Amino acid sequence: FLVSVDVDPIENERCCTANSRIGRYKDLQTGSFVRFVSFAVPISPTIVLDSPIANLVCLFEQLLLEEVNSPSFVVPAGFDYLSLYQDLKEGLAAS
């Protein structure tokens, strides 16, 4: 999903930094911990509102792959980041 926060690029970047991370949470139903990877890419609301959907999808895919290619967080040792990148790239290409 796409959430565009602010027209101010600094504010958008601040929000993206807070939401691009690797973490874990406790599943309330099973009680087990679930690991996750979260990526956020800054896109101005102006661009979102003014762009045709097809262009916006292409822009989002490009920015997402750029973020995944050089994440703004520390990747834990043993995490197969290259496979994640390749899988995302193939999945986006197929859509």
Side-chain angles (χ1 to χ4, degrees):
F1 63 92
L2 176 69
V3 177
S4 192
V5 177
D6 203 309
V7 292
D8 178 12
I10 294 171
E11 185 63 25
N12 250 348
E13 192 64 42
R14 185 186 69 76
C15 184
C16 287
T17 300
N19 289 293
S20 289
R21 60 195 171 103
I22 291 179
R24 67 184 193 148
Y25 67 91
K26 187 174 185 177
D27 184 291
L28 296 176
Q29 292 181 339
T30 66
S32 61
F33 284 97
V34 178
R35 293 181 180 193
F36 68 89
V37 179
S38 172
F39 297 101
V41 293
I43 301 176
S44 170
T46 306
I47 293 172
V48 172
L49 294 173
D50 293 344
S51 298
I53 293 294
N55 292 4
L56 188 58
V57 168
C58 289
L59 174 63
F60 180 71
E61 289 175 356
Q62 174 191 348
L63 293 173
L64 178 61
L65 287 175
E66 287 174 11
E67 173 62 27
V68 173
N69 196 32
S70 59
S72 57
F73 52 82
V74 177
V75 178
F79 184 80
D80 190 0
Y81 204 77
L82 183 58
S83 289
L84 172 68
Y85 176 76
Q86 289 299 328
D87 288 348
L88 274 174
K89 190 173 179 179
E90 289 172 14
L92 290 172
S95 62

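Here the structure is a predicted model, which is why all the values come from computation and not from measurement. The figures here come from the full heavy-atom set of this structure, side chains too, leaving out hydrogens, waters and symmetry mates.
Distance CG/D8 to CD/E13: 11.0 Å, rounded to 0.5 Å.
When atom types are taken as modelled, the side chain of N12 and the backbone of D6 share a donor-acceptor pair closer than 3.5 angstrom.
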Without placing hydrogens or testing angles, list every side-chain donor-acceptor pair under 3.5 Å for residues 73-85, not counting sequence neighbours.
unit_1: D80; atom_1: OD1; unit_2: S83; atom_2: N; d: 3.3
unit_1: D80; atom_1: OD1; unit_2: S83; atom_2: OG; d: 3.2
unit_1: D80; atom_1: OD2; unit_2: S83; atom_2: OG; d: 2.5
unit_1: Y81; atom_1: OH; unit_2: V68; atom_2: O; d: 2.9

For a quick test of your reading: what N or O donor-acceptor pairs under 3.5 Å do the side chains of residues 42-63 make, sequence neighbours left out?
unit_1: S44; atom_1: OG; unit_2: T46; atom_2: N; d: 3.2
unit_1: S51; atom_1: OG; unit_2: I47; atom_2: O; d: 2.7
unit_1: Q62; atom_1: NE2; unit_2: E66; atom_2: OE2; d: 3.2

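A side-chain hydrogen bond (donor to acceptor under 3.5 Å, both in side chains) check over residues 14-26, counting only residues at least two apart or in different chains, returns the pairs E11-R14.
Residue I10 belongs to no hydrophobic cluster, having no ILVMFWY side-chain heavy atom closer than 4.5 Å to its own. Clustering of Ile, Leu, Val, Met, Phe, Trp and Tyr by side-chain heavy atoms under 4.5 Å joins L28 with none of the others.
With sequence neighbours left out, the side chain to side chain donor-acceptor pair (under 3.5 Å) criterion links S70 to no other residue.
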